[in-house]
Amino acid sequence: MPAGPTEDLGAALSAAYPELSAVREVAGGKPVYLVGGAVRDLLLGRGRSDIDLVVEGDAAALAGRLGAEVVEHERFATAKAHLDGHEVDIASARAETYPRPGALPEVEPTAGIAADLARRDFTINAMAIPLRRDPELIDPHGGQGDLEAGRLRVLHPASFDDDPTRALRAARYAARFGFELEPETGTLLRQADLGTVSGDRREAELLRLAAEADAARGFALLARWGLVELRPEGAELAARVGELLSSPPWRDQAPRDRTVLVAALGPRGREAELAATPPPRPSEAVERARRADPVELALARALGAEWLDRYLLEWRDTRLEIDGEDLIAAGVAPGPALGRGLDAALRAKLDGEAIGREAELAVALAIARRPEAG
Ligand code: ATP
């Protein structure tokens with residue numbers, strides 16, 4: 001793997017994160033560490049990640065010395081700083097204990113990095129690099145070996161009891177890196193009880209999984225581990241809709257993470273109905289599509305509703321050349337008749353039955369002047 005020998009760590013760190021030398025200078029002798037995903041990704045040679053720092057001291061004070069805005073977290077002091085345009089999260093070293101399975105942890109400030117690493121999810125995320133000259137990797141749990149072996153391993157047997165969302169995180173890392181569960185971790189993970197976690201926390205982690213490039217693989221793993229039930233063909237649909245929403249014209253038409261999540265796990269919406277039979281006319285296509293939300297539309301397209309491409313690129317933005325003023329000028333009284341007339345003209349235009357301004361006006365007036373049924 002690209003992880004260099006220890007002597008290269010300092011060079012790799014300064015090359016990937018040159019802005020961190022400023023942190024060392026203002027730390028005032030308090031040890032500061034790069035931790036978590038950034039260390040893992042540096043060892044993997046994957047380039048820059050989000051920067052998480054831990055200080056054995058006051059995070060807010062360090063952020064203040066960096067000239068950063070300090071955000072007081074309600075449970076513990078963490079701070080955000082911007083260095084050369086990069087966001088840096090700074091936290092004071094802390095230990096965590098879980099009052100009961102799945103609850104949020106009780107947090108205690110701690111003097112040491114060791115306790116801070118011991119509260120983490122997997123060995124590959126429980127390493128630190130001190131921000132000092134000639135740093136050595138701090139790796140109390142064998143994370144580097146697990147990285148090299150492509151293995152996800154928890155730090156202790158109660159890890160998934162404490163926080164079952166770690167099982168969802170395992171699927172995210174397994175999908176991203178192609179890693180395997182270390183056997184004991186696999187056994188523990190299959191016993192994880194996601195029912196002890198709040199729906200919000202579960203959903204937040206599931207959405208992070210859904211945002212992965214290969215989310216479908218992660219959902220398939222979760223199903224294989226017995227932690228979720230996929231909807232029929234859920235993994236395939238998640239893969240297809242993820243791809244659909246990654247490039248034009250569908251990119252940004254629906255939130256990719258939420259749509260991939262719904263593709264994998266549900267709930268079912270109107271997508272199957274939209275995909276079942278193509279509408280006979282463009283006006284009906286527009287009517288059907290307008291009743292659906294963006295997630296349902298993207299899912300229907302992924303299920304094969306090709307007509308939705310024309311809806312997106314052409315029909316959805318079809319506008320009349322006339323407006324209500326034209327109908328009023330032709331003697332129609334302001335009121336619901338205007339809307340009925342304009343709607344009819346738009347349908348006719350979509351269906352190729354009213355081409356040009358005069359034809360639109362003729363249809364609109366015919367309908368607007370007709371006495372309302374009922
Ligand atoms: P990504 O590369 O997806 O951003 P990350 O490893 O940076 O992943 P984050 O969710 O940003 O992950 O968390 C940062 C670090 O905090 C993790 O690397 C891990 O050490 C720790 N961590 C986050 N969530 C948990 C958790 N539920 N239990 C234990 N440790 C956690």
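All ligand and atom numbering here is 1-based and tracks the order in the structure. A quick note: this is a predicted structure, and the numbers were derived from the prediction, not measured.
Of the possible polar contacts, one joining the D116 side chain to the R94 backbone as a donor-acceptor pair under 3.5 Å is found. The backbone N or O of A263 lies less than 3.5 Å from a partner atom in the side chain of R231, making a donor-acceptor pair. A donor-acceptor distance shorter than 3.5 angstrom exists from the side chain of E56 to the backbone of I113, with no hydrogens or angles considered.
Of all the atoms in ligand 1, the ones that sit under 4.0 Å from a non-hydrogen atom of G36 are 18 (O). In summary, the atoms of ligand 1 found under 4.0 Å from a heavy atom of Y173, numbered by their order in the structure, are 5 (P), 6 (O), 8 (O), 12 (O). Counting the atoms of ligand 1 from 1 in the order shown, those under 4.0 Å from a heavy atom of G37 are 6 (O), 7 (O), 18 (O). The atoms of ligand 1 that sit less than 4.0 Å from any heavy atom of R172 are 1 (P), 3 (O), 8 (O), 10 (O).
Ring orientation note: the planes of F122 and Y173 are nearly perpendicular, at an angle over 60° on the 30°/60° scale. Using cut-offs of 30° and 60° for the angle between ring planes, the F179 and F177 rings count as tilted.
Here E296 pairs with R270 in a salt bridge; the nearest charged N to carboxylate O distance falls below 4.0 Å. Salt bridge E205/R172: present, at least one basic N to carboxylate O contact under 4.0 Å.
Of the candidates T123, T185, D146, R153 forms a side chain to side chain donor-acceptor pair (under 3.5 Å) with just one, namely D146.
The protein heavy atom nearest to atom 28 (N) of ligand 1 is R166 NE, 2.8 Å. Ranking the protein heavy atoms by distance from atom 14 (C) of ligand 1 puts D52 OD2, 3.7 Å first. Protein heavy atom closest to atom 26 (C) of ligand 1, with residue, atom name and distance, is D163 OD2, 3.7 Å. Nearest protein neighbour of atom 19 (C) of ligand 1, counting heavy atoms only, is D121 OD1, 3.5 Å. The nearest protein atom to atom 23 (C) of ligand 1, hydrogens excluded, is given as R169 NH2, 3.1 Å; this is a heavy-atom distance.
Looking at E212 next to ligand 1, no N or O pair under 3.5 Å apart turns up.
Ligand 1 lies less than 4.0 angstrom from a heavy atom belonging to R40.
Distances from atom 15 (C) of ligand 1 to the heavy atoms of R119, R176, R208, R120 put R120 nearest.
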